[in-house]
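One is the number of the first residue; the rest follow in order along the sequence.
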Amino acid sequence: MKTVLVIGASRGIGKAVCNAAASAGLRVRAMSRSGSVPRRRDDLVEGFSGDALDLNDVSRALEGVDTVVQALGVDTSLNMVLRPVTLFSEATGIMLPAMTEVGVGRLIAVTGFGAGDCASAINPLQKLPFRALLGRAYDDKSKQEQFIEASTLDWLLVRPGVLTNGRATGKYRVLEEPRSWRNGIISRADVAHYIAQQCSVSPLGRRKPVLIRCPI
């Protein structure tokens, strides 16, 4: 049975991925500072207490893993708006060499619409508020993507649009081609559904899809 390591598993997309991957029959190692796991009737989700910025924790978490899902997040606050954000790039800078060291070659990383080269697809009317509120975080997500793209791993960058807490519908759009990239709304549960499916896809193909359900 394949084992998936989810980094950032205590909430948001990471928590949803743990449930979706386990429901798809995959074994999950759920890494977070608390080591908490979603409540399930099976034993497919293993809690792992660790810090994504601690090399020793990351290296231990990678033991026996087939695929890594990096689903880190930062709290929405004034600090995110006013101060530099470095979590995404710092954690990635620690994780990539650790993966190479132990021979784990598959990475699915959740970034977002507006990171990296899809920043050019942001609607001009949305660009100013996007930069004002999320600019620092997305600058760091862009750096995160650069690190991953420069690696030798088999990777997938998942770029969801505006996230909601709605249910999984399975009726979302996977925008693979740059000319099709646009912002939209999608539930965390639908993003998790897509990621869980990709955990069993080989190769991941070094792709950068944007995920939305309803365009905005």
Exercise for the section: Salt-bridge test for E46 and R27: reply yes if a basic N is under 4.0 Å from a carboxylate O, no otherwise. Expected result: no
Exercise for the section: Kindly state each residue pair satisfying ring pair (Phe, Tyr, Trp, His ring centres under 6.0 Å) with at least one member in residues 8-38, sequence neighbours excluded. Expected result: none
Fill in the blank from the handout: V210 and W181 have their tightest heavy-atom pair at CG2-CD1, 3.4 Å
Fill in the blank from the handout: Between R207 and Y194, the two heavy atoms sitting closest are NH1-OH, 3.4 Å
Completion exercise
So the side chain to side chain donor-acceptor pair (under 3.5 Å) pairs with at least one residue in residues 5-17 (sequence neighbours excluded) are R11-D75
Exercise for the section: Enter the distance from L62:CG to M31:CE here, rounded to the nearest 0.5 Å. Expected result: 8.5 Å
Exercise for the section: Give the minimum heavy-atom separation between N165 and R188, together with the two atoms involved. Expected result: OD1-NH1, 2.8 Å
Fill in the blank from the handout: Exactly one candidate in L156, D66, V68, I108 meets side chain to side chain contact (heavy atoms under 4.5 Å, CB included) with C199; the answer is I108
Problem - Listed partners of Y172 passing ring pair (Phe, Tyr, Trp, His ring centres under 6.0 Å), at least two apart - result: H193
Handout entry: Qualifying ring pair (Phe, Tyr, Trp, His ring centres under 6.0 Å) pairs with a residue from residues 195-216, counting only residues at least two apart or across chains
Key = none
Completion exercise
dist K143:NZ -> Q146:CD (nearest 0.5 Å) comes out at 8.5 Å
Exercise for the section: Only counting residues at least two apart or in another chain, list the ones meeting salt bridge (charged side-chain N to carboxylate O under 4.0 Å, His left out) with E63. Expected result: none
Problem - Those residues that, when tested against Y138, pass ring pair (Phe, Tyr, Trp, His ring centres under 6.0 Å) (two or more places apart) - result: F130
Handout entry: Interatomic spacing from CZ in R33 to CG in L53 - rounded to 0.5 Å
Key = 6.5 Å
Exercise for the section: Please collect all ring pair (Phe, Tyr, Trp, His ring centres under 6.0 Å) contacts where either partner lies in residues 89-113, sequence neighbours excluded, each pair once. Expected result: none
Practice task
Using the test side chain to side chain contact (heavy atoms under 4.5 Å, CB included), find all partners of Q126 that sit at least two apart in sequence or belong to another chain.
Solution key: I122, N123, N183, I216
Exercise for the section: Using the test salt bridge (charged side-chain N to carboxylate O under 4.0 Å, His left out), find all partners of D139 that sit at least two apart in sequence or belong to another chain. Expected result: R131
Handout entry: Test salt bridge (charged side-chain N to carboxylate O under 4.0 Å, His left out) applied to R60 - qualifying residues, sequence neighbours left out
Key = D57
Practice task
Tell me, yes or no, whether the heavy-atom count around E101 atom CD, taken from other residues, nucleotides or ligands under 6.0 Å, exceeds 12.
Solution key: no
Practice task
Compute whether any side-chain donor of one residue and acceptor of the other, for E145 and T111, lie under 3.5 angstrom apart.
Solution key: yes
Problem - All salt bridge (charged side-chain N to carboxylate O under 4.0 Å, His left out) counterparts of D117, not counting sequence neighbours - result: R159, K208
Handout entry: Identified side chain to side chain contact (heavy atoms under 4.5 Å, CB included) partner of V65 from the options V102, T3, V4
Key = T3
For residues 18-26, dump all side-chain donor-acceptor pairs below 3.5 Å to protein atoms at least two apart in sequence or in another chain.
residue: N19; atom: OD1; partner: R40; partner atom: NH1; Å: 3.1
residue: S23; atom: OG; partner: N19; partner atom: O; Å: 2.9
residue: S23; atom: OG; partner: R40; partner atom: NH1; Å: 3.4
residue: S23; atom: OG; partner: R40; partner atom: NH2; Å: 3.4

